[in-house]
2 protein chains.
Amino acid sequence: MSQTRPSSIREIATKLGVSTATVSNALRGTGRVSSALAAQIRVEADRLGYVPDHAARALRTGKSNTIGLLVPNIGQPLFPAFAQAVERAAKRRGLAVLIGDSQGDPQQQDFEIRTMIARGVDALIVIPTRGTTIAPADVPVPVAVIDSAATVGNIAASDHREGGRLIAHHLLEIGHDRLLILAGPENSLVACERVEGMREVFRHAGVEPALRYSDATFEAGSALGRELDLRHFTACAAAYDALAIGFAIAVKDRGCSIPEDMSLTGFDDLMWAQIVSPPLTTVRQDLETVANHALAFVAGETDTSRIFPTELVLRQSTARPSAFAKGGRHAE
Amino acid sequence: MSQTRPSSIREIATKLGVSTATVSNALRGTGRVSSALAAQIRVEADRLGYVPDHAARALRTGKSNTIGLLVPNIGQPLFPAFAQAVERAAKRRGLAVLIGDSQGDPQQQDFEIRTMIARGVDALIVIPTRGTTIAPADVPVPVAVIDSAATVGNIAASDHREGGRLIAHHLLEIGHDRLLILAGPENSLVACERVEGMREVFRHAGVEPALRYSDATFEAGSALGRELDLRHFTACAAAYDALAIGFAIAVKDRGCSIPEDMSLTGFDDLMWAQIVSPPLTTVRQDLETVANHALAFVAGETDTSRIFPTELVLRQSTARPSAFAKGGRHAE
DNA sequence: CTGTTAGCGCGTTCAG
DNA sequence: CTGAACGCGCTAACAG
């Protein structure tokens, strides 16, 4: 389909009657090459459309300028956003990103890690799946784990616990005291942090919320919204937007309207959160900053683990409990 | 961070007192190696945790077993789904996927293509951005363009036009005759195909729908939903789910309820389509099949361009027009 | 200072 | 089954 095959450093060298070493040095600004000659070389390289062979360079230097990013499930809307943030941060450093999807399966995760290592990635950024732990010692390249402050080996994460506190404070502040927490998967440290943050604050206020565990999916939220007895609660705090959104749709079908009959909060500020009706009060992570720190770590620019602040996003899914709702007799 | 550095083919060779060529042959099943020796070699390789150096292999063979996937904007929910489909298809063939995001910018797209070539991808799959054209001749590797039947050089695509027809037939069938089409970007061939499919059918039925162009975003749909005079229409067909969803939220705020006052359709069957209220009647693409054909093409398994069928997904956003709505006097 | 020589890295491949 | 060249860019050691 094309003619543009070769064009190597040797071609430039012979064409200009110099050595390949000089060409290599000129093109990369290393060693000593007179600027006049260097300029000539660059011009010739351009003219020939020379592009260094990546494999050859990688072979010699042992660096592929590629990092692997492992996400638990690219189908869940938070992770494409993460991937984008990582790609932007990587591009700034001249790195390419190989994306792998563990599809929620720890074995698949191991497989992906091995594959990526075999492909010569210089570093890995891993968002672990289902509470697994990656021992960076098992892996011959730097690994940045992005999960939660509670995750062993975590390098960068949002402050999920603080996010939970923000939600809880907000709900208390507007007068809620009978609470349901959709806690997400029991084995997820991220979910656990979020929930613990909420509970801390509630407990401190003498409120003991009810807890329900489930998957972090829309469907699980929807199922809970259909099954639970809503009369006991004035507000529901979900550990994930998807959960909250599924819940919202389901309870709406039962005649429970948000926020009049019940306030509802999510977590993550997915694009959906502003789209659903009513728009969801939630917590936003600063993915860009988290991604950037993870990259700085694997690039060796820092060796500290960092937790980044989150932000409460107030929308229309939360309101003061109505006297009616407080009476515990809303539509059922 | 680790000890597991080397372990090369040579190490195995000396350890077993054979040549590297033999090891290479044994490990890949090529050439003639006695099966006894081959077994021994495999055992030793295992024991040493040998993994072939990807760069060295790529250098020698000229194949990196990596393909590049270029999407217009990974932030738009259809493209992660696409990326997933491509990754699955690639994995079946033992290929890794390098993802690039042109961010809606043709220049960025060119840059990404060059970068990927320089990285030695064996092939490219490109979903073009904003009506651009990629001349495969410019690129020294096979390129599969995924866009629409109307795109020059298109290799795999859904039958967007037929999808448009399905929508239009459905709307006619349930009795709509005053139609608004949210046509998406004027320069998108995909959008154009979808809209033309609809218009064909409407025209044939003597119906001339109104057309509005805009971005393919939620926000654009929302803006249109706020501005347009709804009284003229009994149904609205959007060329993208995002557009439809934005529109739905906006018109709901104006007291227009779907589908009672106005039917609404989308296109793509994003995950959102079933989440919004009411769930959206839309058209589903078979991404898996499209991705698979694109991979088969770049793998040289086929040299034909193919267009794949789409499927109408009926949900609750469409209904027969009410007499009231037909009278053109619904809430405004 | 400027430039060259030569060998390396590692799996593959082909004539022996 | 072996020996040795090969692909291509990098980089010490060396020479002008």
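Per chain, numbering begins at 1; letters A, B, ... match sequence-line order.
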Could you check whether [X] gets within reach of a base, just the sugar-phosphate, or nothing at all, counting any heavy atom under 4.0 Å?
{"X": "A/Thr22", "answer": "base"}
{"X": "A/Arg10", "answer": "base"}
{"X": "A/Val23", "answer": "nothing"}

Mind calculating the distance between [atom1] ([X]) and [atom2] ([N]) to the nearest angstrom?
{"X": "B/Ile12", "N": "C/dG11", "atom1": "CD1", "atom2": "C1'", "result": "11 Å"}
{"X": "B/Glu11", "N": "C/dG9", "atom1": "CD", "atom2": "C1'", "result": "15 Å"}
{"X": "A/His54", "N": "C/dC10", "atom1": "NE2", "atom2": "P", "result": "17 Å"}
{"X": "A/Ile41", "N": "C/dT2", "atom1": "CD1", "atom2": "P", "result": "13 Å"}
{"X": "A/Leu16", "N": "C/dT2", "atom1": "CG", "atom2": "P", "result": "17 Å"}

Measure the CD1-OG1 distance between A/Ile12 and A/Thr22 for me, rounded to the nearest 0.5 Å.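 Taking CD1 in A/Ile12 and OG1 in A/Thr22, the distance rounds to 12.0 Å.
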Working to the nearest 0.5 Å, report the span between CD1 of B/Ile9 and CG of B/Leu48.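 Between B/Ile9 CD1 and B/Leu48 CG, I get 12.5 Å after rounding to 0.5 Å.
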Between [options], spot the one nearest the side chain of [X], thanks.
{"X": "A/Thr61", "options": "C/dG11, D/dC10, C/dT12", "answer": "D/dC10"}
{"X": "A/Val33", "options": "C/dG3, D/dT11, C/dG11", "answer": "C/dG3"}
{"X": "A/Ile9", "options": "D/dT11, D/dG3, D/dG9", "answer": "D/dG9"}

Tell me which of A/Thr20 and A/Ser34 sits closer to the 5' end of DNA chain C, going by the nucleotide each one is nearest to. A/Ser34
Apply side-chain hydrogen bond (donor to acceptor under 3.5 Å, both in side chains) to B/Thr289 and B/Asp286, showing your working. CA-CA 6 Å; B/Thr289 306; B/Asp286 185 349; 2.6 Å; yes
Looking at [X], does any N or O in its side chain come under 4.0 Å of the phosphate oxygens OP1/OP2 on [N]?
{"X": "B/Arg60", "N": "D/dA5", "value": "no"}
{"X": "A/Arg28", "N": "D/dG9", "value": "no"}
{"X": "A/Arg57", "N": "D/dC10", "value": "yes"}
{"X": "B/Ser24", "N": "C/dT12", "value": "yes"}

With nearest nucleotide decided by heavy atoms, which residue, A/Asp53 or B/Asn25, maps closer to the 5′ end of DNA chain D? B/Asn25
On DNA chain D, check which nucleotide each of B/Ser35 and B/Leu59 is closest to and give me the residue with the more 5' one.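 So the residue in question is B/Ser35.
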Exactly one candidate in A/Val145, A/Leu70, A/Leu69, A/Ile117 meets side-chain contact (heavy atoms from CB on, under 4.5 Å) with A/Leu124; the answer is A/Ile117
Please say which of B/Val33, B/Val18, B/Leu37, B/Leu16 ends up in a side-chain contact (heavy atoms from CB on, under 4.5 Å) with B/Val23.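 Between B/Val23 and the candidates, side-chain contact (heavy atoms from CB on, under 4.5 Å) is satisfied uniquely by B/Val18.
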